[in-house]
2 protein chains.
Amino acid sequence: MDLTERKLKILHAIVADFIHSAEPVGSRTLSKKYDLGISPATIRNEMSDLEEMGYLTHPHTSAGRVPSDKAYRLYVNDLMGRYELPEEEKRIISENIQTNVMELENTIEHVAELLSKLTNLTSFAITPRQDTNKLKYINLLPVDEQTIVLMIVAEDGKVINKALRINVPYTLENLELLAKAMTQTYRGRTISDVLTLDIIKYFETDIEAMSRLAESIMPNFMKTLENMLNVDLYMEGLTNIFSIPEYNDIDRARMFLEMVNRKKDFTDVLVNRDNGVIITIGNENSNEIMQDCSLITADYRINGKLVGKLGVIGPTRMKYDEVTSVIKYMTDNLSSAFQITEGDFDDEE
Amino acid sequence: MDLTERKLKILHAIVADFIHSAEPVGSRTLSKKYDLGISPATIRNEMSDLEEMGYLTHPHTSAGRVPSDKAYRLYVNDLMGRYELPEEEKRIISENIQTNVMELENTIEHVAELLSKLTNLTSFAITPRQDTNKLKYINLLPVDEQTIVLMIVAEDGKVINKALRINVPYTLENLELLAKAMTQTYRGRTISDVLTLDIIKYFETDIEAMSRLAESIMPNFMKTLENMLNVDLYMEGLTNIFSIPEYNDIDRARMFLEMVNRKKDFTDVLVNRDNGVIITIGNENSNEIMQDCSLITADYRINGKLVGKLGVIGPTRMKYDEVTSVIKYMTDNLSSAFQITEGDFDDEE
DNA sequence: GATTAGCACTCGAGAAAAGTGAGTGCTAAC
DNA sequence: GTTAGCACTCACTTTTCTCGAGTGCTAATC
C-alpha cells in the first residue's frame, strides 16, 4: 500500500492534533477541525489503512486513533514544518546567554533552566568526556596542618580542586616541590593516559618526608582524576512531568523520575548519543525504560570543539518542531557567544 | 484534664501503631494488639478525652484515631525510647565514612545518599554559610587567549574556581601581578566584608593594560564571591517519596517534589535552623507548605567548627526514633572522623 | 470505482446504587 | 469506674446503568 498525498495529509493532521490535545483523534473531529475536503467515512477508511501500515494505533475499538512511534518519525522527518521561534523567545534566550557569557559553567545551568521553562519539559545539560583533555598544571595548597587543597588544571581550562585530609606533616617547601614535580611529570598527558601509569611507584624519592607526602596524596590524586573523567550532568524542570497528562498517573510519574534520577545510567545514554540535533522517539531508544519517551539533544561547540550537549526528555507526544527550534537556537547562540574572534585553536573531538 | 499514666500508655500505643501502619487506629485493634488490660470501650472513652485535649484527630466519624502534631511532639519528647541502631547499620555507616574520609565534599554526598537509603526518606546535606570565612589567596591562571581561571581560596580550605572569558588581551606577567595585588588587598578579610567594598575603583592603576584587565575581571570576581556565600545543597532519595502511602496521591507527591526542588527556599529553611539535633513536626514548621512534613536535622563539626548540616524530610508519620538515631550516629561519626588529634584551631561558628 | 450517508455495535468513562465493615458513641448493667 | 451491647455512621468497594464518541460495514450516490 502507498502513502498517498491524502494519507500523508490525514496523518499529519492526526499527529498535529494529538500532540496538541493528548486525546485520541476521531474521524469526525478530524473532518470538522481540518479542511480536508472529505467526509468522516472516507477518513475512516484511510485511517484503517494507516493503521494497517503501522502508523496509527487504537487504544480500544471505540476510541480514536493515536500516532505510533513510526508516525512521529515520519512527522519529524517529512511533515512538520520549520517552526519559527517568536521574537520574544529569541530575545530571552540571547539575553540570557549574553549576560552570563563570562562564566561558562553557570551559563550552562541557566540555559538548561531556561530550556525547561520554555518547553515545559525536563531539560538537561552535560559536559563532554574528558578522556582526551590534557593536564596543564597541578597545584598543592596548604590550608591547615592536616588539610591541603589539590588543584588540577586541564588545558581546556577545566579546573578541579579537592580539599584533602592528609595524615603526615608537611612543609610548605615539600608541598611546592611535589606540585612542581607532578606538573613536570604529567603536563601535556591526557587524563586517561595518566590513569594508566603506576602513579604511586612513580614518586619514590630519597627524601623520606617527601615520599611520605606523595604516598599520602597520590591515591587521592588518582581518585580525583577519575572524577574528572566523569561528565557533569545538570537537570532542570523535573517536576514539569506532572503537568503532562500522560504522567498524571503516580506510577508512570514515579518511573520517569526514578529513571532520570539514576544519574549514572542516564548520563551514559546521553554521552553515547551522536552529535548534531538528534531526536530519538519512543522505541528508537535502546534503553528499555525510555521507550515511551522522546529525547532531543544537540551539542554546542566553541571553535569547533565540543563543549557540551543540551537536551530535553518528555513523552513521545511532544511539540517536536518547537522544542527542536528552541534547542537549536540555544546551542547556536551558545556556540557563537563563546566564539573566539580569531579561530586559532586546534580542532578536537 | 490530666494526662494520666493510662492515657500516656494509650497515646504511645496509638502513635507507635500509626507510625508503623499509616492507618487510623481503632479501639479494638489497640486492645487486641497491645496488652493494655482494658476493654475497647474504656479505650474509646480515653481516646475521646485525648481527642478533646488535642492529641488525636478523627478523619471521619467511623474511622480510627490519628495522632496530631501535638501528639508527635509529646511522643518525641517523652514517650519514644532510645533506639539502638543495629550493629550492621553502624558498621555500614562507619565504613562509608572511613573510606571516604580524605575528601570532605564527596564524603558528605555519600553520607547523604546512605542516609536516604537507611531511612527511606529524602535526605539532604548543606554546607554552612560562608559569611565569616576569610579569603586566603586569589590566583589567576591563563588558559587561552580569551580564557583565564579565577581561583579563590578561603582560610578554611574552601576553594572556588571559575573559568572566565575576558575580552582584553593579557600577559602572563600582568595576570600574576594582578593576582598578587588582589591577594594582598583581600587576604584576611571576610567574604561579606570584601563584597561591601567598591572593588572596581579599588584597582585603578597607572598601567593601562593592567587596569583594563582588572576591569574585566573584577565584576566576575564579585559575582564569584557572591556565589561563594551561597551554601551548597545536596539532595538524595527524592523518589523515596513515592513509597510513602501518604504521598500515593499525584498532587501531594507533586507538591512535595516542587517544594524541595525550590532549592533556594528550601536551603533558606535549612540554614536558619538551630544547631544540634533538631526535630520540627508538621505545623511547627513556619514554612506553610511544609506543614505536613517533619524535618530532622543535625549539624556536624570539626574541632568545634560547624562544617555542615545533615537531615531528612518526610511525612509527620515518621520513625522518629530510628531516623534520629541514624542521623545522630552519622554526624557523630563524621565529627570524630575528621577530628584533628591536637585541637589547636579557634572555635568559629 | 471512489465517496458518502446511515446504522448497528463497541467499549470506556462516569454516575448512581447497593453492599461491606471498621469504628464510634451512647446506654445500661456489672 | 469499667464494660458489654447495640444502633448508627461513613468511607470504600463493587456492581449496575447510562452516555456518547467512535468504529466498521453496507448500500446508495456521484
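Just so it is clear, the structure is predicted and the values come from calculations on it, not from any experiment.
Remark: Ile38(A) pairs with Arg6(A), Ile10(A), Leu36(A), Thr42(A), Ile43(A) by the side-chain contact (heavy atoms from CB on, under 4.5 Å) rule, at least two apart or across chains. Judged as a salt bridge (Lys or Arg N to Asp or Glu O under 4.0 Å), and not counting sequence neighbours, the contacts of Lys328(B) are Asp332(B).
Asp49(B) has its CG atom 14 Å from the C1' atom of dT2(D), to the nearest Å. Between the C1' atom of dA4(D) and the CD1 atom of Ile43(B) lies a distance of 14 Å, rounded to the nearest Å. The separation between Leu30(A) atom CG and dA21(D) atom P is 16 Å, rounded to whole Å. Atom NE2 in His58(A) sits roughly 11 Å away from atom P in dG22(D) (whole-Å rounding). Between Arg65(B) atom CZ and dT9(D) atom P the separation is 17 Å, expressed in whole Å. In this structure, CZ of Arg44(A) is placed 16 Å from P of dA27(D), rounded to the nearest angstrom.
When side chains are defined from C-beta on, Val15(A) does not count as touching Leu74(A), because their heavy atoms never get closer than 4.5 Å. At least one side-chain heavy atom of Met235(B) sits under 4.5 Å from a side-chain heavy atom of Val260(B). The side-chain heavy atoms of Ile289(B) and Phe256(B), taken from C-beta on, include no pair separated by under 4.5 Å.
A salt bridge links Glu84(B) to Arg82(B): one of the charged nitrogens lies within less than 4.0 Å of a carboxylate oxygen. Asp299(B) has no carboxylate O lying under 4.0 Å from a charged side-chain N of Arg273(B), or vice versa, which leaves the two without a salt bridge. Using a 4.0 Å cut-off between charged side-chain N and carboxylate O, Glu113(B) and Lys117(B) make a salt bridge.
Between His60(B) and Thr42(B), the residue anchored nearer the 5' end of DNA chain D, judged by the nucleotide with its closest heavy atom, is Thr42(B).
No contact: Ser48(A) has no heavy atom under 4.0 Å from any strand. As judged by a 4.0 angstrom heavy-atom cut-off over every strand, Thr61(A) is placed among residues touching the sugar-phosphate backbone only.
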Protein and nucleotides 14-20 of chain D: nitrogen or oxygen contacts under 3.5 angstrom:
none

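Taking a heavy-atom distance under 4.0 Å as the criterion, the stretch of DNA chain C touched by chain A extends 5' to 3' from dT3(C) to dG12(C).
Ring geometry, Tyr75(A) versus His12(A): the interplanar angle exceeds 60°, so the pair is classed perpendicular (tilted spans 30 to 60°).
At the phosphate of dG22(D), OP1 or OP2 sits under 4.0 Å from a side-chain N or O atom of Thr29(A).
Checked against the 6.0 Å centroid criterion, the rings of Tyr247(A) and Phe242(A) do not qualify as a close aromatic pair.
Side-chain contact, Tyr320(B) with Ser294(B): a donor N or O sits under 3.5 Å from an acceptor N or O. Residues Asn261(A) and Thr239(B) have side chains that never bring a donor and an acceptor to within less than 3.5 angstrom of each other.
For CG of Asp35(A), the number of neighbouring non-hydrogen atoms (other residues, nucleotides, ligands) closer than 6.0 Å is 12 at most.
Helix-axis bend for the helix from dG1(C)-dC30(D) to dC30(C)-dG1(D): the local axis fitted to the five terminal pairs at one end deviates from that at the other end by 20°, rounded to 10°.
Less than 4.0 Å separates DNA chain C from no heavy atom of any residue of residues 13-23 of chain A.
Results of the side chain to side chain contact (heavy atoms under 4.5 Å, CB included) test with Val269(A) over Thr280(A), Leu295(A), Asn285(A), Thr297(A) single out Leu295(A) as the only residue that passes.
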